[in-house]
Amino acid sequence: MPISHLLSPPSLPSLPPPHLRNGAARQCPTPLRAALALPPQRHVGLAAARGDGGTLGSSRARAVGAVRVSAVPGDGGAVAGGTGIAAAAAATVVFAVMNRVLYKLALVPMKNYPFFLAQFATFGYVLVYFSILFIRFRAGIVTREMLALPKAQFMLIGLLEALGVASGMASAAMLPGPSIPVLSQSFLVWQLILSVLILGRKYRTNQILGCMLVTAGVILAVASGANGGPFLSELNFFWPVVMMASAAFQAAASIIKEFVFIDGAKRLEFWFLVFTQGKRPDIFIVNSFGSGFQALFVFLLLPFLSSLKGIPFAELPAYLNHGAACFLNIGGNLKDCHGAPLLPLLYMTLNIAFNISALNLVKMSTAVVASLTSTLAVPLTIYVLSLPLPYLPEGTNLSTSFIIGAATLVLGLLLYNLPQTSADQVKKD
């Protein structure tokens, strides 16, 4: 990074007030202003930096003000911001569908080692994300100020996701298959509740109804094949509650990620003017440290998780060794591993792309919007998997219940995204 970027030129104006995502002004905390110790003369010309008709003292200050305004989501105009979010949402849907389909294909060679695939992905992603983070740091995209953000938030994200994995596996072992995706749809409800409690967000009536329709549509779509076998009415009440608690842990992690972007924007407000890379934390900061702490807690829970999968902890090393041989498709007695390592590697690549795309959508919009977007991939995935595919040549016929559920889901998404009637309304989900 050029040394000129590290120095604050004397003609720079003082820091404009932080903005909400829709451009509404918000007061900067007094401790931050005191810590920065900005000289009085730098308060001249802030009006022009915000575009309200003032005069800046120099062209460099005017350029900094322009960068400051254009980088805030929503400040570039509703059309530009909406177009960017729509493009990010479309990419997330595509990656989500490909991720789910390739996971199903990856389980063809790895059908005897799904636990190995899950753990390999958990720990392998840490290496991938931190490698990308290091490259972006060396390129100057990630700053030292971003790396200095409090790690307690990332530790909480990792703990919540690890608890979600553990409770989800525990309840899945005791629940019939068709009930699992149905109960998992409580994720969206938890997100709405937690975003109100943690972020203080408010929702319009059409948004709440839209989320309820999306949830109902997914339940109809995924439960369309649930004819036969035990269902919730024959189960102990405890395990469905554990599955919904798993969804709550995952939802809380997603809301904390959104909080990290919002809180990080406040902490990095001053350094935005100095480094000019953007005021929000880089997504690989959240991905890397969140995944790192998740891997740590999963490692601590490994004896418990392996026992849930019917693998005694003493036999876990041998199981992982056989799983690695199947994943790489090397060694003897691997006739059931046809398709490896291509299919598992394709799945892991698309899963990383989906995680990055989804987190980028959280950064650009909100966790609830990212969740709704990913939910749209559920019926699309079911439709794709109903077609004859390589390694899955047998197709299936979609039921009327599935079609009704998919239509209900799309209707819920349209209802959620009805335009606001007030142009100056503070951004809501």
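- The stretch residues 95-111 participates, sequence neighbours left out, in these side-chain hydrogen bond (donor to acceptor under 3.5 Å, both in side chains) pairs: N99-N351.
- Side-chain contact between F293 and L156 is absent, with no heavy atoms from C-beta onward closer than 4.5 Å.
- Between A88 and M364, the shortest heavy-atom distance links the atoms CB-SD, 3.7 Å.
- At a threshold of 4.5 Å between non-hydrogen side-chain atoms, the residues F259 and L199 count as touching.
- Ring orientation note: the planes of Y319 and F115 are tilted relative to one another, at an angle of 30° to 60°.
- Between atom OG of residue S291 and atom CZ of residue F284 there is a gap of 10.5 Å, rounded to the nearest 0.5 Å.
- Here the shortest heavy-atom pairing between S306 and P303 reads OG-O, 3.0 Å.
- Nearest heavy-atom pair across L308 and A166 is CD1-O, 3.9 Å.
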### Message
Show, in sequence, the C-alpha distance, side-chain angles and deciding distance for F137 and L147, and conclude whether the side chain to side chain contact (heavy atoms under 4.5 Å, CB included) test is met.
### Response
CA-CA 9 Å; F137 174 73; L147 293 174; 3.7 Å; yes

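- The distance from atom CG of L117 to atom CG of N112, rounded to the nearest 0.5 Å, is 12.5 Å.
- The shortest distance between side-chain heavy atoms of S186 and M244 falls below 4.5 Å.
- S374 contributes no side-chain N or O that, together with a main-chain N or O of S371, makes up a donor-acceptor pair within less than 3.5 Å.
- With hydrogens and angles ignored, the 3.5 Å screen pairs no side-chain donor or acceptor of S195 with any backbone N or O of R201.
- Although no hydrogens or angles enter the test, the distance criterion places a donor-acceptor pair under 3.5 Å between the side chain of S246 and the main chain of G164.
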### Message
Before you tell me yes or no, could you show the steps for L389 and V101 under side chain to side chain contact (heavy atoms under 4.5 Å, CB included), namely the whole-Å CA-CA distance, both residues' side-chain angles and the distance that decides it to 0.1 Å?
### Response
CA-CA 10 Å; L389 298 173; V101 171; 4.1 Å; yes

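- Although no hydrogens or angles enter the test, the distance criterion places a donor-acceptor pair under 3.5 Å between the side chain of S171 and the main chain of G168.
- In plain terms, the two heavy atoms of A172 and M243 that are nearest each other are N-CE, 3.9 Å.
- At least one donor-acceptor pair closer than 3.5 Å links the side chain of N329 to the backbone N or O of A340.
- Of all heavy-atom pairs between F402 and L398, the closest is CE2-CD1, 3.4 Å.
- Checking side-chain atoms of R204 against main-chain N and O of L418 turns up a donor-acceptor pair under 3.5 Å.
- Looking only at distances, a side-chain donor or acceptor of S288 sits under 3.5 Å from a matching main-chain atom of Y129.
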### Message
Run I356 and I352 through side chain to side chain contact (heavy atoms under 4.5 Å, CB included) and show every step you take.
### Response
CA-CA 6 Å; I356 294 172; I352 290 174; 3.8 Å; yes

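- Aromatic rings from H322 and F116 are positioned such that their centres are separated by 6.0 Å or more.
- Taking a 6.0 Å sphere around OH of Y383, one finds it holds 12 or fewer heavy atoms contributed by other residues, nucleotides or ligands.
- I285 is listed as a side-chain neighbour of F154, based on a closest heavy-atom distance under 4.5 Å.
- Ring centroids of F130 and F289 are separated by less than 6.0 Å, placing the two rings close together.
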### Message
Set out, in order, the CA-CA distance, both residues' side-chain angles and the distance that settles side chain to side chain contact (heavy atoms under 4.5 Å, CB included) for R136 and D282, then state yes or no.
### Response
CA-CA 9 Å; R136 292 171 74 83; D282 188 79; 2.6 Å; yes

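- Residue I256 holds its CD1 atom at 13.0 Å from CZ of F261, rounded to the nearest 0.5 Å.
- At least one side-chain heavy atom of F299 sits under 4.5 Å from a side-chain heavy atom of F123.
- Residues T205 and L209 form a side-chain contact, since some pair of their non-hydrogen atoms from C-beta on lies under 4.5 Å apart.
- Note that the OG atom of S254 and the CG atom of L160 stand 9.5 Å from one another [nearest 0.5 Å].
- Aromatic pair F354/F95: ring centres not closer than 6.0 Å.
- You'll find the ring centres of F120 and F327 inside the 6.0 Å limit.
- Here the CG-OG1 distance, from L413 to T373, works out to 7.5 Å after rounding to the nearest 0.5 Å.
- In this structure, V189 and M212 have side chains that are in contact, with non-hydrogen atoms separated by less than 4.5 Å.
- Side-chain N or O atoms of E258 include one that pairs as donor or acceptor with a backbone N or O of A367 at under 3.5 Å.
- Nearest heavy atom pair, residue A406 against residue A221, reads N-CB, 4.5 Å.
- Residues R267 and P150 have side chains in contact (heavy-atom distance under 4.5 Å, counting atoms from C-beta outward).
- A distance-only check finds no donor-acceptor pair linking the side chain of K202 to the backbone of G200 [under 3.5 Å].
- Atom CD1 of I382 sits about 8.0 Å away from atom CG of L385, to the nearest 0.5 Å.
- None of K363, R280, Q153 except one satisfies the side-chain contact (heavy atoms from CB on, under 4.5 Å) rule with V260; the exception is Q153.
- T92 pairs by the side chain to side chain donor-acceptor pair (under 3.5 Å) definition with S357, not counting sequence neighbours.
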